[in-house]
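Okay, so here's the structure we're looking at.
Numbers for residues simply follow the sequence, beginning at 1.
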Amino acid sequence: MDDKRNIIMAVLLTGIILFGWPVLMEQFFPDMANKNDAVEQADAPANDQAAGGISAPTAGSTAGGTDIAAASVPEKIRPLATVLRENPRVLIETPRLKGSINLKGGRIDDLTLTDHTVDMSKNSEPVRLFAPSGTENAYFSRVGWAGEGVAVPNDNTIWSADQSRLTPDTPVTLSWSNETGQTFTIKLSIDADYLITTEQSVTNRGENAIALKPYGLINRKRDLNNIPANEASTWTIHSGPVGVYEGAANYDVDYENLAGEEPGFFSGLFGTSAVAGTNSYDTEVSWLGFTDKYWLGALIPDNINDVDARFRSGGGDIFQAEIAKKNAQIIAPGKQLTTTTRLFAGAKENALLEKYEKEFGIKNLDRAIDWGWFYWFEKPLFYLLNWLFKLVGNFGVAIILMTFIVRGIMFPIAQKQFASMAQMRAVQPKMKAIQAKHKDDKQQQQQEIMKLYKDEKVNPLAGCLPIFLQIPIFFALYKVLMLSIEMRHQPFALWIKDLSAPDPLTPVNLFGLLPFDPPTFLAVGILPILMGITMHLQFKLNPAPMDPMQKQIFSIMPWILVFIMAPFAAGLQLYWTVSNILTIAQQKWLYSRHPQMKEMMAKEAEEKAKKAAADKAEA
């Protein structure tokens, strides 16, 4: 009766995991759960409508940014090429960025990343980061001044430029003068990567002193009902408002928080400091902006202790990050005020972020990559994997080599695990005797078994240690594969063209021969199947648990994990498969050194077969 009950429970557990897992994936890992619905274009930042018109605030406003309340009415969506022709522009040309600056409003609103394509097709377009207002993917940045009693440039101002191109060798200065004697200039310089430095100056040639507050902003539109699956924020990967302020990196603010909606389950579970509508900061603001999985737009002030900052929503799915000087600056007649602000707009390449961090003292810029709880472990793993990749030139081979290194480091621990397994195996006859003797007294049975462990110096938990040690390795590799731009679109061999994406080849549709995409929980690739087979073989080499329920769970676990792991990155599946193969080889070698263990297992298997035959004969 107990066996039947255990079998029924095992079947129910299997069904819950198989059919409940897709629901959990949809809720908490939408970037992987919807892999069949999401296209590669989801890697590019996406906004469904343009940010509307914005107007400058007064000099006394909290963060000095622009008033985006008027932006709730979107502009009419027009083709990108049409909008780019509407106003005069200064071209941006660097080895890694191309685009333009809109002289109307002085906006940096046209940027593409020439090193990164939308997908892996031959004619794929480069990833677009910034796009002008009035287009489908509006996302832009600008600097300005807020003031009272003085005319300041606004979004309709037409600036004059001293150069037609902004390149690493040719900075561009924009200028504009009002009718009362104030001249405003914006000097833009750019490096060979993704950093734009802005020096905004105002010269007061008027008769009276003026008070101005310099500010910078990043504005983007985000339709919360239509965020691409690959860019959705989850409890493991943050996408949205991000920054380093108050001395630490902060991933607590989501678009939903700013829009006044309830945070997700895990956001509520782990807590959030977000306040609906506006989040303001005035302590050690190192940088802030908006992040996607691979891309970042961030404002970097020149003085982290003299800046107010905030995120806010203007309604209509329009969001803004702002920085400004804490107080309005008084500029006497004949004097000049200059403020420096930097803008990072590009791919979150770890080495580049660390370079900027050291070169300009930008605190924790590398935390734009949401490394998470295991930061201390993920970064070394990333360094190792990246070094191996540069060494061998193939990211899949690098994963295999890293697996050998990890298993080599854990080899002494595995030996201890095996010794513990041997001890457990040796005392199992005594444990069976105790269970038979006290089968009606579970408490006494447990006490006797614990005394047996103590007398025989057996630690029943020692065999679990390697499994627990694998958890941070597995999670760290998951984060590295999912977040690192260095790993994006990296091929391995044969049909594996992108190790950061799930295995695309599945037998369910005869490896693509049948013209349909199977449901997510059935789209099982070749690598996860190999992973399940190797795990099954690995479990077969382990001593079988005494509890029938545990035996049944361990027997179905590899096949459950096949479905669970199918939506994960192929690189992660490759790591686990190779790790299983090495574990099998290690177990075989250890069995050769402990033949008594192998003989004991063979004897038990023979006894089990005889018992099964006898039960069958009786039936």
Side-chain angles (χ1 to χ4, degrees), residues 45 47 51-52 54-57 61-72 129-130 138-144 146 213-224 227 231-233 237-264 267-268 271-293 295-301 304 307-326 341-345 348 362-365 367-368 370:
N47 312 79
I54 52 178
S55 56
S61 64
T62 303
T66 59
D67 184 0
I68 56 176
S72 57
L129 184 65
F130 284 179
Y139 186 11
F140 59 84
S141 176
R142 77 174 180 90
V143 297
K213 177 183 282 191
Y215 67 82
L217 65 87
I218 299 177
N219 182 293
R220 84 178 298 184
K221 172 81 174 182
R222 209 54 162 155
D223 183 354
L224 301 185
I227 294 179
E231 293 299 342
S233 187
I237 300 176
H238 177 73
S239 179
V242 67
V244 171
Y245 33 83
E246 299 175 351
N250 192 303
Y251 310 105
D252 289 340
V253 185
D254 292 318
Y255 292 115
E256 290 81 3
N257 298 127
L258 297 179
E261 298 182 8
E262 290 295 324
S267 298
T272 176
S273 61
V275 178
T278 301
N279 274 62
S280 300
Y281 315 95
D282 59 5
T283 306
E284 293 186 20
V285 180
S286 297
W287 59 270
L288 84 165
F290 297 106
T291 182
D292 299 299
K293 183 190 294 186
W295 329 114
L296 174 70
L299 295 165
I300 305 163
I304 66 173
V307 62
D308 287 325
R310 66 177 169 180
F311 295 110
R312 54 175 173 157
S313 168
D317 296 330
I318 297 171
F319 303 93
Q320 195 156 282
E322 308 168 356
I323 61 172
K325 290 290 185 181
K326 284 183 178 292
T341 302
R342 293 184 174 89
L343 170 68
F344 180 95
K348 297 190 295 187
I362 307 170
K363 184 178 180 180
N364 289 339
L365 185 59
R367 294 299 184 94
D370 181 12

key: I323 CD1 to I304 CD1 distance, which is reported to the nearest 0.5 Å   = 12.5 Å
query = Can you tell which of D370, D252, L296 makes a side-chain contact (heavy atoms from CB on, under 4.5 Å) with V242?
reply = L296
note = dist I237:CD1 -> Y251:OH (nearest 0.5 Å) comes out at 12.0 Å
Pairs where residues 242-251 contributes a residue and the test salt bridge (charged side-chain N to carboxylate O under 4.0 Å, His left out) is met, not counting sequence neighbours = none
ask   = Mind checking whether F140 and F130 have ring centres under 6.0 Å apart?
value = no
task = Would you give the length of the straight line joining atom OG1 of T291 to atom CZ of F344, rounded to the nearest 0.5 angstrom?
result = 9.5 Å
inquiry  = S286: which residues meet the side chain to side chain donor-acceptor pair (under 3.5 Å) condition with it, sequence neighbours left out?
reply    = none
task = Kindly determine whether W287 and L299 satisfy side chain to side chain contact (heavy atoms under 4.5 Å, CB included), including the steps that lead there.
result = CA-CA 6 Å; W287 59 270; L299 295 165; over 6 Å; no
Side chain to side chain donor-acceptor pair (under 3.5 Å) partner of Y215, chosen from R142, K325, E322 = R142
query = Does the side chain of V253 reach to within under 4.5 Å of the side chain of L258, using non-hydrogen atoms?
reply = yes
inquiry  = V285: which residues meet the side chain to side chain contact (heavy atoms under 4.5 Å, CB included) condition with it, sequence neighbours left out?
reply    = Y245, Y281, L288, V307, A309
ask   = Does any N or O in the side chain of S280 come within less than 3.5 Å of the main-chain N or O of R310, such that one atom is a donor and the other an acceptor?
value = no
query = Would you call R222-D317 a salt bridge at under 4.0 Å N-O?
reply = no
Approximate separation, where rounding is to 0.5 Å, of S141 OG and N219 CG = 9.5 Å
query = About how many Å separate CG of L129 and CH2 of W295, when rounded to the nearest 0.5 Å?
reply = 8.5 Å
message = Please enumerate all residues that pass side chain to side chain contact (heavy atoms under 4.5 Å, CB included) together with V143, with sequence neighbours excluded.
response = I186, T198, Q200
query = Does any N or O in the side chain of K348 come within less than 3.5 Å of the main-chain N or O of A368, such that one atom is a donor and the other an acceptor?
reply = yes
inquiry  = Could you walk me through whether F290 and F319 satisfy the side chain to side chain contact (heavy atoms under 4.5 Å, CB included) test, starting with their C-alpha distance in whole Å, then the side-chain angles of each, then the deciding distance to 0.1 Å, before giving a yes or no?
reply    = CA-CA 9 Å; F290 297 106; F319 303 93; 4.0 Å; yes
Distance (rounded to the nearest 0.5 Å) between N250 CG and N364 CG = 12.0 Å
remark   = In short, K326 meets D282 closest at the heavy-atom pair NZ-O, 2.7 Å
query = Is it the case that K293 and S239 place a side-chain donor and acceptor less than 3.5 Å from each other?
reply = no
query = Looking only at side chains, do Y255 and R220 share a donor and an acceptor under 3.5 Å apart?
reply = yes
